[in-house]
Amino acid sequence: MNKLYYLLIVFLFLIFGATFFAIQNDYIIFRFPKKNITIELNNNLSTKKTIKIFYWNNTKWINENVDILISGKLDEDISKIINAWLNLLDEERIIEKISLQTALISDFSNELFLSFDRNIINEEHSTYQKLMLIESLLKTLRNNVISITPTNIDNTQELEKTGKISKINFLVHHKTMQDPHLDFSNPWPIEGYSVE
Amino acid sequence: MPMKIIMKYSNKISKGVIVILFILFSPLFSFSSHQLKIFTIMLNPGGDAKDAGRTLNDSFERGITLQFCLDLKKTIEITYPNVRVVLTRIPGETLEFLQNANFSNRLDADFYLSIHFYKETDVRPKMFLYHYINDLFYSPITSDISFIKYNNAHLININKTIEYANKMKQTLELSNQFDFKYLLGIPFKPLVGIKAPAIALEVGLKNSNDYYDFVNPILLSLESILNSKTLN
């Protein structure tokens with residue numbers, strides 16, 4: 001009786017070991033039933049838009065058409081416009097390579113906050129050249145922000161903000177931009193100051 | 001009896017009355033129509049000991065503007081003896097933010113002129129005039145007693161500022177020496193916080209020694225302002 005008992009135990013462990021070996025080496029594979037996963041489609045699809053970028057070239061305004069993808073979120077789209085403006089000015093060798101860190105719109109005062117990684121103004125330039133650089137950015141925004149309307153009509157908060165940015169704050173690394181001649185301690189009106 | 005006393009001392013009494021009347025009303029006679037009034041101009045040379053300013057060939061803006069202001073001061077004082085000219089800094093002095101504005105406001109300057117130069121790359125030198133605004137839709141401050149933010153001090157005399165700037169512009173436009181480009185109202189930092197009519201003049205220099213050629217044209221442009229203000 002004892003011998004039978006031991007033989008049974010050995011046989012059971014043999015089966016168990018063989019089964020474990022087979023599972024470890026993928027001879028036996030267990031497939032568990034999967035849960036149903038539904039994928040939500042994002043209704044805010046990006047669309048391609050052509051925008052006009054303006055810059056001042058000594059005596060006159062020059063504009064160029066650039067294609068960007070707009071997402072419908074105003075601050076993201078403004079960021080793309082400004083980066084396109086910075087890239088164009090870098091190509092034209094008006095400014096050095098500068099990028100926009102952050103573009104945020106205030107909910108309370110319709111002010112736009114732009115933070116760059118470097119000062120966009122060249123200190124050696126005349127005040128007028130510095131002024132026209134800022135004016136070219138303002139002109140680019142004025143001419144393009146209205147045209148960028150979110151396609152998702154359910155996004156009413158974004159629609160209310162469209163075209164209603166009235167002032168812009170210029171920052172470098174999230175601190176007020178400094179220049180010996182132009183005062184950036186107050187926000188600049190989007191209409192600018194220039195007579196041109 | 002009193003009548004007899006009055007009659008006796010009538011001559012002395014009448015002389016005394018005349019003297020008293022003279023003392024009382026003499027201040028009126030001291031102001032003639034041709035009395036000359038002291039007019040104070042504050043000249044601000046751009047830059048300071050800490051901020052050398054823009055590079056101009058072999059020198060910096062701070063040195064050239066100071067030289068220019070000293071020459072202009074000397075010329076103004078010779079031409080208009082009743083004009084007092086004060087400079088905002090001396091060589092080697094470092095200025096703090098709003099220090100010039102405080103100085104001008106305490107001194108109650110009648111006119112503030114800020115001088116700036118940059119390196120000109122075009123054929124002819126260019127000249128610009130600026131006055132300070134920080135809001136396109138501004139209203140002059142007319143109340144004598146009011147709390148005003150420092151960056152709205154320019155609104156106290158904004159109309160006079162624009163008047164002076166236009167007078168300067170009319171003269172400067174006629175010059176053949178340079179191209180007068182624009183008179184602009186912009187947030188020009190060196191003019192922040194100044195109560196007096198304040199204007200900035202920016203000129204492009206091809207060579208650093210060319211600054212001296214602008215002394216006489218600037219003096220001529222100030223003529224229309226100084227002639228009307230140095231007479232009562």
Side-chain angles (χ1 to χ4, degrees), chain A residues 56-61 92-96 109-112 114 119-139 141-142 164-172 175-196, chain B residues 44 46-48 50-57 60-62 65 95 97-98 101 114-123 125-138 149-152 154 179-193 200-205:
Chain A
W56 179 256
N57 188 8
N58 277 335
T59 54
K60 58 182 178 182
W61 285 109
E92 297 295 327
R93 296 179 188 272
I94 294 170
I95 57 172
E96 291 178 6
S109 54
N110 287 330
E111 281 184 27
L112 174 64
L114 301 175
N119 197 331
I120 60 174
I121 291 176
N122 186 334
E123 288 192 357
E124 293 293 324
H125 283 173
S126 67
T127 303
Y128 187 70
Q129 274 176 289
K130 296 177 190 181
L131 176 71
M132 294 315 287
L133 180 69
I134 301 295
E135 290 289 331
S136 66
L137 172 57
L138 297 176
K139 192 176 175 87
L141 283 173
R142 275 199 308 273
K164 287 189 179 175
I165 293 168
S166 57
K167 292 186 178 180
I168 298 179
N169 290 276
F170 292 93
L171 310 167
V172 175
K175 292 180 189 171
T176 305
M177 188 180 286
Q178 298 293 335
D179 182 72
H181 301 106
L182 293 179
D183 182 20
F184 292 104
S185 58
N186 293 312
W188 281 47
I190 195 155
E191 299 86 4
Y193 292 98
S194 172
V195 293
E196 295 287 347
Chain B
N44 174 44
D48 63 7
K50 201 165 121 184
D51 174 22
R54 291 167 280 202
T55 311
L56 290 160
N57 292 335
F60 293 105
E61 184 182 359
R62 67 179 169 193
T65 53
L95 300 174
F97 179 54
L98 296 180
S114 191
I115 305 292
H116 305 269
F117 293 119
Y118 67 93
K119 175 85 178 115
E120 183 62 72
T121 51
D122 282 349
V123 175
K126 293 195 284 288
M127 184 183 284
F128 302 87
L129 283 178
Y130 304 111
H131 69 91
Y132 184 85
I133 57 168
N134 57 17
D135 187 352
L136 290 173
F137 306 102
Y138 60 83
K149 268 180 73 173
Y150 78 92
N151 60 353
N152 284 335
H154 62 287
D179 287 334
F180 180 85
K181 297 300 280 185
Y182 301 110
L183 162 60
L184 296 172
I186 59 171
F188 193 75
K189 205 170 185 179
L191 300 180
V192 173
L201 180 88
E202 190 177 57
V203 181
L205 298 181

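Numbered from 1 within each chain, the chains take letters A, B, ... in sequence-line order.
When heavy atoms are compared at a cutoff of 4.5 Å, B:Phe117 does not approach chain A at all. In this structure, the portions of B:Ile133 lying under 4.5 Å from any heavy atom of chain A include both its backbone and its side chain. At a 4.5 Å heavy-atom cutoff, the contact between B:Asn151 and chain A is made by side-chain atoms alone. Interface remark: B:Glu120 contributes no atoms to any contact with chain A (heavy atom separation under 4.5 Å).
Judged purely by atom type and a 3.5 angstrom limit, B:Glu202 uses its side chain to pair as donor or acceptor with the backbone of A:Thr127. Using a distance-only test at 3.5 Å, with no hydrogens or angles considered, no donor-acceptor pair links the side chain of B:Arg54 to the main chain of A:Glu123. At least one donor-acceptor pair under 3.5 Å links the side chain of B:Lys189 to the backbone N or O of A:Asp179.
Taking CD1 of B:Ile186 as the reference point, atom NZ of A:Lys130 lies at 10.0 Å (rounded to 0.5 Å). Expressed to the nearest 0.5 Å, how far CG of B:Asn134 lies from CZ of A:Phe184 amounts to 13.5 Å. The distance from atom OG1 of B:Thr121 to atom CD of A:Gln129, rounded to the nearest 0.5 Å, is 6.0 Å. With rounding to the nearest 0.5 angstrom, the OH atom of A:Tyr193 is 6.0 Å from the CG atom of B:Leu136. The OG atom of A:Ser126 sits 13.5 Å away from atom CE of B:Met127, with the distance rounded to the nearest 0.5 Å.
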Start with the C-alpha distance between B:His116 and A:His181, add both sets of side-chain angles, then the distance that settles side chain to side chain contact (heavy atoms under 4.5 Å, CB included), and finish with yes or no.
CA-CA 10 Å; B:His116 305 269; A:His181 301 106; 3.9 Å; yes

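Minimum interatomic distance between B:Pro190 and A:Pro180 (heavy atoms only, all atoms of both residues): CD-O, 3.6 Å.
Tested against B:Pro187 for a side chain to side chain contact (heavy atoms under 4.5 Å, CB included), the candidates A:Asp183, A:Asn186, A:Leu131 yield a single pass: A:Asp183. In summary, of the residues considered (B:Phe188, B:Tyr118, B:Phe128), a ring-ring contact (aromatic ring centres under 6.0 Å, His included) with A:Tyr128 occurs for B:Phe128 alone.
Counting non-hydrogen atoms of neighbouring residues, nucleotides and ligands closer than 6.0 angstrom, the CD atom of A:Glu191 exceeds 12 such neighbours.
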